[in-house]
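Below you'll find the structure, written out as structure tokens, and then a few comments.
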Amino acid sequence: KIKKVLEEMRKEPLDHAIKEVFGDIKPLMEGIDITLPKHSSNCFRVPINIKATLDAKRIALFANPDYYGMSMIAKWIVPENEIVNYTLTFKLVSYEHAMNELKKVKVVIEDRNGMFYLANAVTRIAYSGPEE
């Protein structure tokens with residue numbers, strides 16, 4: 001089912017949230033590698049690793065924490081000549097507290113030449129309380 005969702009994501013038009021941040025871009029689907037767990041047991045702490053071979057200028061992380069579509073989770077500027085290899089955790093809360101709910105994650109990178117790149121990933125989340 002995850003492969004099917006990823007294939008559908010490749011055919012989707014650009015999300016409204018991405019257009020709000022970057023405008024009406026035509027991103028390439030290459031150069032970015034996203035690593036997410038297939039199943040995250042705590043929606044308050046979802047790990048992600050973002051690697052890219054691009055000369056990145058800006059990176060933005062988007063996800064669908066609820067049924068209202070994509071939202072920007074984080075956006076940051078990459079220092080010049082820095083290798084893109086970031087590992088972070090973010091909150092991907094399911095407001096309905098549904099178990100095994102599929103969540104879409106997208107990463108957009110703008111390189112120093114003004115080109116845009118997009119990568120998609122999917123994870124299943126389970127609801128559990130925030131860790132103390």
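As the structure is a prediction and not an experimental result, all values here were calculated from the model.
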When rounded to the nearest 0.5 angstrom, what is the spacing between [atom1] in [X] and [atom2] in [Y]?
{"X": "Ile48", "Y": "Thr35", "atom1": "CD1", "atom2": "OG1", "answer": "8.0 Å"}
{"X": "Glu110", "Y": "Lys57", "atom1": "CD", "atom2": "NZ", "answer": "4.5 Å"}
{"X": "Arg58", "Y": "Phe116", "atom1": "CZ", "atom2": "CZ", "answer": "5.5 Å"}
{"X": "Leu54", "Y": "Ile109", "atom1": "CG", "atom2": "CD1", "answer": "5.5 Å"}
{"X": "Glu20", "Y": "Asp15", "atom1": "CD", "atom2": "CG", "answer": "11.0 Å"}
{"X": "Leu102", "Y": "His39", "atom1": "CG", "atom2": "NE2", "answer": "9.5 Å"}

Would you tabulate the side-chain donor-acceptor contacts of residues 72-86 under 3.5 Å, counting partners in other chains and residues two or more places apart, or write 'none'?
from	atom 1	to	atom 2	distance (Å)
Glu82	OE2	Tyr86	OH	2.5
Asn85	OD1	Asn49	ND2	3.2

Is there side-chain contact between [X] and [Y], with at least one heavy-atom pair below 4.5 Å?
{"X": "Pro27", "Y": "Leu14", "value": "yes"}
{"X": "Val105", "Y": "Val122", "value": "no"}
{"X": "Val108", "Y": "Tyr117", "value": "no"}

Main-chain N/O of [Y] paired with [X] side-chain donor or acceptor, under 3.5 Å:
{"X": "Ser40", "Y": "Ile125", "result": "no"}
{"X": "Asn64", "Y": "Lys104", "result": "yes"}
{"X": "Asp111", "Y": "Asn113", "result": "yes"}
{"X": "Asn42", "Y": "Phe44", "result": "yes"}

salt_bridge(Lys106, Glu12) N-O dist < 4.0 Å: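 Yes, charged N to carboxylate O under 4.0 Å.
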Heavy-atom closest pair, residues Leu118 and Ile32: N-CD1, 3.9 Å
Trace of the side chain to side chain contact (heavy atoms under 4.5 Å, CB included) decision for Arg45 with Lys91: CA-CA 5 Å; Arg45 212 174 180 89; Lys91 185 166 60 170; over 6 Å; no
